[in-house]
Each structure stands twice: as C-alpha cells, then as structure tokens.
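Read the structure below first, then the notes.
Values reported hereafter were calculated over all heavy atoms of this structure, with side chains retained and with hydrogens, waters and symmetry mates removed. All ligand and atom numbering here is 1-based and tracks the order in the structure.
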Amino acid sequence: MGKEFLIAGNWKMYKNADQSRAFILELAKTFAPVTGLTVAVFPPFTALAGLRGLDARIKIGAQNMFYEEKGAFTGEISPVMLQGLVDYVLLGHSERREIFKESDDDVNKKVRAALQFDLLPVLCVGETLQEREAGKTMAKIKNQLEKAARGLENSEMGKITVAYEPIWAIGTGRNATPGQAQEVHHFIKGVWREMAPGQKLKILYGGSVKPENSLELLAQDDISGVLVGGASLNVEQFSAIIHSCAQLLNK
Ligand code: PEP
C-alpha cells in the first residue's frame with residue numbers, strides 16, 4: 001500500500017512522570033518495530049524530561065507550546081525548551097481552542113515557531129456537531145488549514161501532519177464513520193495540494209478511536225494514522241490499535 005502510518009496517543013492531563021515512564025516501558029514490550037509504522041505519545045510537560053531516550057521506537061510529543069522563544073510569559077513553555085525532549089508538538093487541539101480560547105492566529109504563530117525550532121507540528125482541525133449539521137464542515141476545515149499555514153514556505157508545509165478531529169467525536173465514544181472520515185481526509189488532501197504543491201501530507205483521524213474501530217479507519221485511502229485520546233491511556237488498548245495498523249501493513 002506504501003502508506004507511512006503514525007499512531008499517536010494524546011494523554012491530555014493524565015499521568016505523572018513516574019506513570020508516564022512506566023507506561024512507555026510497558027508499551028515497548030508489546031510490539032516489534034514494523035516498517036511504515038511510527039508510534040508516538042504526547043504526555044504532559046512534566047513527564048517529558050524523564051522520557052528522553054527511554055525507548056527509541058516510541059517517539060515523544062508535547063501537547064502544546066507557546067510561540068515565543070523566551071520572556072515574561074508565566075506558566076508557558078517555549079519551543080526552545082522542548083528541543084531535545086520531543087519530536088512532535090500538538091497544536092490547535094480543539095480543547096486548546098475551545099477551553100483556552102486559542103485563536104487561528106495563535107495556532108499560526110505556534111506552527112511557525114515549531115518549524116523554526118525543528119519541532120514537527122501535528123495540527124488539529126475539526127468541526128462542531130452544529131457546523132456538521134449545517135453543512136459547514138469543509139468550509140470550517142479549509143479556513144482552519146489556510147489560517148494555520150499562513151506565511152509558511154512550501155517546504156515547511158511538507159513537515160506538518162494534520163489531525164482531523166471532529167469535535168463531536170472527541171471523548172464522546174461516538175467516532176466518525178470510516179466513510180465520513182475518509183471524505184474529510186480526501187478534502188484536506190485537495191486543499192493541501194493547492195496550498196503546498198508537491199508536498200506530501202500525512203493526515204491522522206482522531207475522535208473516539210479504539211481497538212474495535214481502528215482497523216477500518218486506518219484502511220481508508222487517505223487516513224495515514226490515528227490520534228487517540230482515551231484509549232491511549234491504557235497499554236492494552238493502545239497496543240491493540242498499534243497491532244491493527246501492523247496487521248494492515250502486513251497484508
Ligand atoms: C483527542 O484527545 O485528541 C481525542 C481524539 O480523544 P478521544 O480519542 O478520547 O476521543
């Protein structure tokens with residue numbers, strides 16, 4: 001199939017430093033390296049330093065960052081502080097946008113700062129249930145993508161991973177059907193092709209992914225991975241999702 005998959009776990013505000021280390025060591029025992037499959041977890045900031053170099057097969061990401069390099073920004077974490085600790089940084093998660101009122105402009109500044117400091121952005125986009133029901137899904141996604149990528153060079157666009165996360169599917173147990181997800185992923189690919197000619201794009205689906213639905217979602221043409229919240233907090237469940245991806249690659 002030739003797809004390069006990314007299976008990513010967003011731990012949100014769960015697990016302290018010790019629990020995070022224990023999880024990685026446990027998870028590492030459950031899978032063998034598979035060509036075409038990258039596994040990553042996004043623990044809380046406080047766990048990151050303790051995870052450095054723990055297991056090379058499990059990449060580490062941060063769940064957020066501020067866009068300034070340093071300064072009087074109490075409580076914030078800069079891209080420079082993340083250098084050497086993480087490969088990826090999650091940006092524009094709907095919980096950041098909705099609860100912490102991050103704007104498209106903030107997300108754009110964060111994407112630019114991440115790239116400037118060699119961190120790989122995983123850019124989250126997605127519509128509310130109201131927007132979906134009003135037929136505004138594609139317009140919302142296109143707008144989020146265009147605003148997040150404002151001012152980027154074509155080559156920088158090639159370093160971004162997009163995560164399509166319908167807000168109505170996050171933490172609700174109600175996932176988008178594989179067909180609904182594929183439709184939006186296909187649309188995102190088209191938008192990206194226009195914005196960044198010649199650049200490949202990896203698009204993850206996120207929203208109530210679990211072992212029971214991961215295989216079917218990953219089998220869709222334009223889905224090249226999943227961003228898993230709740231099910232990534234449990235070694236057996238996250239491992240089962242990784243295995244479903246390996247199964248697909250071994251077909
Ligand atoms: C998420 O937090 O990005 C997410 C998709 O959560 P869940 O899998 O729990 O819906």
Where ligand 1 meets [X] - atom numbers and elements under 4.0 angstrom, heavy-atom basis:
{"X": "N10", "value": "1 (C), 2 (O), 3 (O)"}
{"X": "G207", "value": "5 (C), 10 (O)"}
{"X": "G171", "value": "7 (P), 9 (O), 10 (O)"}
{"X": "S208", "value": "7 (P), 8 (O), 10 (O)"}
{"X": "A169", "value": "10 (O)"}
{"X": "G230", "value": "7 (P), 8 (O), 9 (O)"}
{"X": "L227", "value": "5 (C)"}

Checklist entry - With under 30° as parallel and over 60° as perpendicular, where do the rings of Y205 and H185 fit, or are they tilted in between? => result tilted
Item to check | Pairwise distance OG1(T38) to NZ(K202) - rounded to 0.5 angstrom | outcome: 6.0 Å
Next on the checklist: Tell me which one of K110, H93, E95 satisfies side-chain hydrogen bond (donor to acceptor under 3.5 Å, both in side chains) with N64.
Outcome noted: K110
Item to check | Residue pair Q130 / W168, side-chain donor-acceptor N/O under 3.5 Å | outcome: no
Checklist entry - Do NZ/NE/NH1/NH2 and the carboxylate oxygens of D222 and K189 come within less than 4.0 Å? => result yes
Checklist entry - Any Lys/Arg nitrogen of K140 or E131 sitting under 4.0 Å from an Asp/Glu carboxylate oxygen of the other? => result yes
Next on the checklist: Looking at ligand 1, is there an atom of it that comes within less than 4.0 Å of some heavy atom belonging to G173?
Outcome noted: no
Checklist entry - Among the heavy atoms of H93, does any lie under 4.0 Å from an atom of ligand 1? => result yes
Checklist entry - Would one find an N or O of V228, backbone or side chain, under 3.5 Å from an N or O of ligand 1? => result no
Checklist entry - Does an N or O anywhere in T172 fall below 3.5 Å from an N or O of ligand 1? => result no
Next on the checklist: Between H186 (side chain only) and D221 (backbone N and O only), is there a donor and an acceptor less than 3.5 Å apart?
Outcome noted: no
Checklist entry - Can you tell me which residue and heavy atom of the protein come closest to atom 3 (O) of ligand 1, and the distance to 0.1 Å? => result E165 OE2, 2.7 Å
Item to check | Closest approach of any protein heavy atom to atom 8 (O) of ligand 1, naming residue and atom | outcome: G229 N, 2.8 Å
Item to check | side-chain contact (heavy atoms from CB on, under 4.5 Å) partner of L201, chosen from V191, T161, I188 | outcome: I188
Next on the checklist: Is there a path of hydrophobic side-chain contacts, each under 4.5 Å between heavy atoms, that joins F117 and V107?
Outcome noted: no
